[in-house]
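Naming convention: chains lettered A, B, ... in sequence-line order (proteins, then strands); numbering from 1 in each chain.
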Amino acid sequence: MSKPKPDSPDTGNEPESQTTSNFIRSIIDQDVAVGKHGGRVHTRFPPEPNGYLHIGHAKSICLNFGLAADHGGLCNLRFDDTNPIKEEAEYVEAIKEDVRWLGFDWEDREYYASDYFGQLHEWAVELIRKGKAYVDDLTAEEIRQYRGTLTEAGKESPYRDRTVEENLALFESMRAGELADGSKVLRAKIDMAAGNLNMRDPVLYRILHASHHRTGDDWCIYPMYDFAHGQSDSIEKITHSLCTLEFEDHRPLYDWFIRELDIFPSRQIEFARLNLSQTVLSKRKLKQLVDEGLVSGWDDPRMPTISALRRRGYTPESIRDFADRIGVAKADSTVDVALLEHCLRVDLNKRAPRVMAVLEPLKVVIENYPEGESELLEAVNNPEDPEAGSRQIPFSRELWIEKNDFREEAPKKYFRLAPGREVRLRYGFFITCQEVVKDETTGEVVELRCTYDPETRGGYAPDGRKVRGTIHWVSAAEAVNAEVRLYDHLLKPADEVKADQAKDFKASLNPDSLKVLTGCKVEPSLEGAARESRFQFERQGYFCVDNRDSSPDHLVFNRTVTLRDTWAKIEKAQRQASA
RNA sequence: UGGGGCGUCGCCAAGUGGUAAGGCACCAGACUUUGGAUCUGGCAUUCGUAGGUUCGAUUCCUACCGCCCCAGCCA
């Protein structure tokens with residue numbers, strides 16, 4: 001007998017996604033065709049190490065690494081670490097782990113914007129020399145007022161026309177640590193009347209006496225995103241710099257620096273960020289869930305973070321497939337979470353070994369099966385994968401079946417067990433329910449007395465008679481106890497949320513996003529199952545051994561996703577019809 | 001009376017002058033020792049609206065409507 005292997009590591013069964021074209025691919029193909037940059041394609045994934053990556057980042061990661069790979073190019077991992085107050089080394093490690101887990105390799109191209117602080121400072125000096133940047137003494141509040149509004153032009157700072165010498169000296173004293181935080185900034189001299197607010201003399205450098213997780217106290221002035229990002233791209237000779245739509249307004253500035261500094265002309269291209277139904281993807285909201293204890297942490301299996309998806313049981317292959325299928329465009333969109341789940345099922349169906357587990361146990365006694373005896377039956381490990389082989393499972397007089405696989409009064413189209421009805425125990429025997437035992441006080445069904453047909457061993461009827469229902473089961477004596485956590489979406493479906501959405505997203509939280517079941521009975525082959533191993537619990541869904549709380553003597557499974565459930569649909573339709 | 005974007009099936013998304021790909025969801029049927037998987041069929045006479053150009057427009061032009069982003073010394 002061979003135990004089902006926890007799950008095949010990489011079956012290489014990742015779908016051959018016939019990558020549909022998209023506007024970014026077209027631009028790149030075009031550039032390659034005309035030999036721009038010698039036909040070279042070089043992208044980068046540039047997270048700020050101030051939090052955990054989520055599925056929205058996965059879209060960007062797959063896009064950047066994928067597009068580069070498809071063109072024989074490279075993709076760098078670059079940490080956009082220009083704000084020491086929000087960033088930590090711990091996040092750097094977590095991000096690297098997540099990108100690796102997703103299956104991407106940046107080889108030795110691990111960069112940090114902070115590596116370029118020296119060069120960036122030189123460029124700032126260069127701009128001052130050209131008369132294109134100046135030191136401003138206005139306070140943050142004044143700068144805001146001088147900036148004007150969306151519909152009114154701003155006005156120029158009284159410090160805007162300082163001489164080059166004065167600016168040089170002032171910037172030097174900023175850098176030397178002689179000035180207090182916030183007392184001065186370095187600004188680009190562009191156009192205070194520009195329609196695009198980003199061009200109204202944007203701040204290039206601010207004074208911040210803060211320790212940086214990599215450069216320590218080497219600097220007390222730090223460049224702003226706009227003065228660091230594009231130039232970092234340029235330094236790394238990035239050909240196509242992909243970012244989300246909210247940076248469209250920054251592109252003129254991105255290009256302004258390239259022109260004024262006469263540096264490598266990377267091209268910024270913006271695409272729509274991912275939104276997923278029934279979840280939140282904003283860092284602020286996710287943090288709120290964690291801080292308020294509404295989830296157990298950043299890797300709570302209900303979270304959309306990469307670490308949570310991993311813990312939940314998602315495969316990297318399914319996430320990559322999802323990223324391919326949603327495409328890339330510029331229209332704001334919300335992808336149905338059902339697509340993500342579809343990708344997951346497609347992958348897991350091919351590779352997850354099947355196993356029997358009873359989540360809400362109901363005792364069944366086979367009255368005509370000899371007491372104290374047992375036998376082994378053969379069960380297929382994965383009907384989708386002949387290579388997976390089969391295993392032996394014990395059968396005996398006392399079994400556990402699922403509570404909801406029995407009804408005292410069977411509704412229409414209910415194929416499962418009911419008084420007098422015969423069903424097939426998967427890979428076992430046909431059994432017939434003879435008697436229902438109830439708790440005398442509560443009336444609750446506590447045990448079923450059944451008989452089995454010894455001629456139907458393995459689940460086949462020699463006389464050819466049919467049974468409509470096949471149910472899963474576990475032999476009581478050999479069953480292993482387990483805790484099972486049933487997860488559902490973080491938020492209720494949009495049509496149930498309606499108007500209250502505007503007020504607070506927490507009003508939309510799904511109250512049933514977690515249900516913990518203890519006393520579940522799983523088949524003996526699962527004993528000692530390794531963390532993160534994935535299985536299909538037959539007829540129920542895909543489950544993954546929790547990577548935090550599970551141990552050999554206390555198995556904990558997370559429900560990754562349910563199987564499609566046609567019966568549930570029929571039931572729902574029946575309920576609605578009768579209502 | 002600001003600037004920048006976007007509007008193709010319930011949700012994504014190709015197509016961009018020659019008469020609407022694909023996926024998800026959904027519906028129906030076949031098959032089935034998972035009500036799973038698989039298979040078959042159905043699902044936009046129409047591309048935000050209204051005009052115009054053209055033999056012909058989702059693709060070009062004009063106007064309008066709707067939605068998103070921008071006023072951090074965050075990214």
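- Nucleic acid contact class of A/Arg147 (heavy atoms, under 4.0 Å, all strands): sugar-phosphate only.
- Side-chain N/O atoms of A/Gln536 and base N/O atoms of B/U34 include a donor-acceptor pair closer than 3.5 Å.
- Taking CZ of A/Arg162 as the reference point, atom CG of A/Leu170 lies at 4.5 Å (rounded to 0.5 Å).
- Nucleic acid contact class of A/Ile207 (heavy atoms, under 4.0 Å, all strands): none.
- Considering only side-chain atoms of A/Arg426, the nucleotide from B/C69, B/A25, B/U34 that sits closest is B/U34.
- The side chain of A/Arg564 lies closest to B/C26 when the candidates are B/C26, B/C24, B/A75.
- Nucleic acid contact for A/Leu138: base, since at least one base atom lies under 4.0 Å from a heavy atom of the residue.
- Nucleotides B/U54 and B/A71 have their C1' atoms positioned 46 Å apart, rounded to a whole Å.
- Within the model, atoms CG of A/Asp255 and NE2 of A/His250 stand 13.0 Å from one another, a figure rounded to the nearest 0.5 Å.
- Proximity of the aromatic rings of A/Tyr91 and A/Phe79 is defined here by a centroid distance below 6.0 angstrom, and this criterion is not met.
- In this model, no side-chain donor or acceptor of A/Arg468 finds a partner on the base of B/G35 within 3.5 Å.
- Within the nucleic acid shown, A/Tyr414 comes within 4.0 Å of at least one base atom, counting heavy atoms only.
- A 3.5 Å limit on both hydrogen-bonding distances identifies B/G52 as the Watson-Crick or G-U partner of B/C60.
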Q) In the 5'-to-3' direction, what one-character label does each nucleotide of nucleotides 39-44 of chain B receive under the scheme B = base within less than 4.0 Å of a protein heavy atom, S = sugar-phosphate only, - = no such atom? A) ------
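- More than 12 heavy atoms of other residues, nucleotides or ligands shown are found within 6.0 angstrom of NZ on A/Lys283.
- Between B/A37, B/A75, B/G2, one nucleotide has an atom nearer to the side chain of A/Leu197 than all others, and that is B/G2.
- No contact: A/Arg187 has no heavy atom under 4.0 Å from any strand.
- In this structure B/G7 sits in a base pair with B/C65, meeting the Watson-Crick or G-U test at under 3.5 Å.
- Classified by its glycosidic torsion, B/G5 falls in the anti category, the angle being over 90° from 0.
- Looking at heavy atoms from C-beta onward, A/His229 lies out of side-chain contact with A/Gln268 at the 4.5 angstrom threshold.
- Distances shown here put a side-chain N or O of A/Arg206 below 4.0 Å from the OP1 or OP2 atom of B/C74.
- Of the P atoms belonging to B/U58 and B/G17, the separation is 13 Å, rounded to the nearest Å.
- Spacing of P atoms, B/U1 relative to B/C24, comes out at 47 Å, to the nearest Å.
- Note: A/Phe537 and A/Phe543 have parallel aromatic rings, judged against thresholds of 30 and 60 degrees for the angle between ring planes.
- B/G18 and B/C60 are spaced 12 Å apart, taking the P atom of each and rounding to whole Å.
- Looking only at atom types and distance, the side chain of A/Arg273 has no donor-acceptor partner in the side chain of A/Thr244 under 3.5 Å away.
- The 5' end of RNA chain B is approached more closely, in terms of each residue's nearest nucleotide, by A/Leu340 than by the other of A/Leu340 and A/Thr82.
- Relative to the side chain of A/Asp80, the nucleotides B/A75, B/C70, B/U34 differ in distance, and B/A75 lies closest.
- Distance OH (A/Tyr134) to P (B/C73): 12 Å, rounded to an integer number of Å.
- Inter-residue side-chain proximity for A/Phe257 and A/Leu204 is flagged as met; some heavy-atom pair is nearer than 4.5 Å.
- Exactly one residue among A/Ile366, A/Asp453, A/Ile401 makes a side chain to side chain contact (heavy atoms under 4.5 Å, CB included) with A/Ile431. That residue is A/Ile366.
- Phosphate proximity of B/U34 to A/His472: absent, as no side-chain N or O sits under 4.0 Å from OP1 or OP2.
- Separation of the P atoms belonging to B/C31 and B/G10 is 33 Å when rounded to the nearest angstrom.
- The gap from the C1' atom of B/A20 to that of B/G15 amounts to 8 Å, rounded to the nearest Å.
- Counting non-hydrogen atoms under 4.0 angstrom, A/Glu48 reaches the backbone sugars and phosphates but no base.
- Looking at heavy-atom distances under 4.0 Å, A/Lys86 makes contact with a base.
- The side chain to side chain contact (heavy atoms under 4.5 Å, CB included) with A/Val328 is formed by just one residue from the set A/Leu67, A/Leu242, A/Leu63, A/Leu274; it is A/Leu63.
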Q | Protein-to-nucleotide contact annotation, 5' to 3' order, nucleotides 3-13 of chain B [B base; S sugar-phosphate only; - none; under 4.0 Å, heavy atom] | A | BSSS----SSS
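- Within 4.0 Å (heavy atoms only), A/Tyr460 reaches at least one base atom of the nucleic acid.
- Residue A/Thr151 is classed as a base contact, given a heavy-atom separation below 4.0 Å to a base.
- Note: A/Tyr111 and A/Tyr116 have tilted aromatic rings, judged against thresholds of 30 and 60 degrees for the angle between ring planes.
- For the pair A/Gly148 and A/Gly428, both in contact range of RNA chain B, the more 5′-proximal nearest nucleotide belongs to A/Gly428.
- Among the heavy atoms of the strands lying under 4.0 Å from A/Val203 are primed sugar atoms or P, OP1, OP2 only; no base atom is included.
- Rounded to whole Å, the separation between the C1' atoms of B/U19 and B/G56 comes to 8 Å.
- In this structure, A/Arg559 fails the cation-pi test against A/Tyr542, since its NZ or CZ atom is not both closer than 6.0 Å to the six-membered ring centre and inside 45 degrees of the ring normal.
- Across all strands shown, A/Tyr222 has no heavy atoms under 4.0 Å from either base or sugar-phosphate atoms.
- Of all nucleotides present, only B/C70 satisfies the Watson-Crick or G-U wobble test against B/G2, with each distance under 3.5 Å.
- Across all strands shown, A/Pro383 has heavy atoms under 4.0 Å from base atoms, whether or not it also approaches the sugar-phosphate.
- Between A/Tyr414 and A/Ile570, the closest side-chain pair of non-hydrogen atoms is not below 4.5 Å.
- When the C1' atom is used for both B/U46 and B/A21, the distance is 15 Å, rounded to whole Å.
- Pairing for B/U16 is absent, judged as Watson-Crick or G-U wobble with the two contacts each under 3.5 Å.
- Rounded to a whole Å, the CZ atom of A/Phe227 is 21 Å from the P atom of B/G72.
- At a threshold of 4.0 angstrom between heavy atoms, the contacts of A/Met224 are confined to the sugar-phosphate backbone, with no base atom among them.
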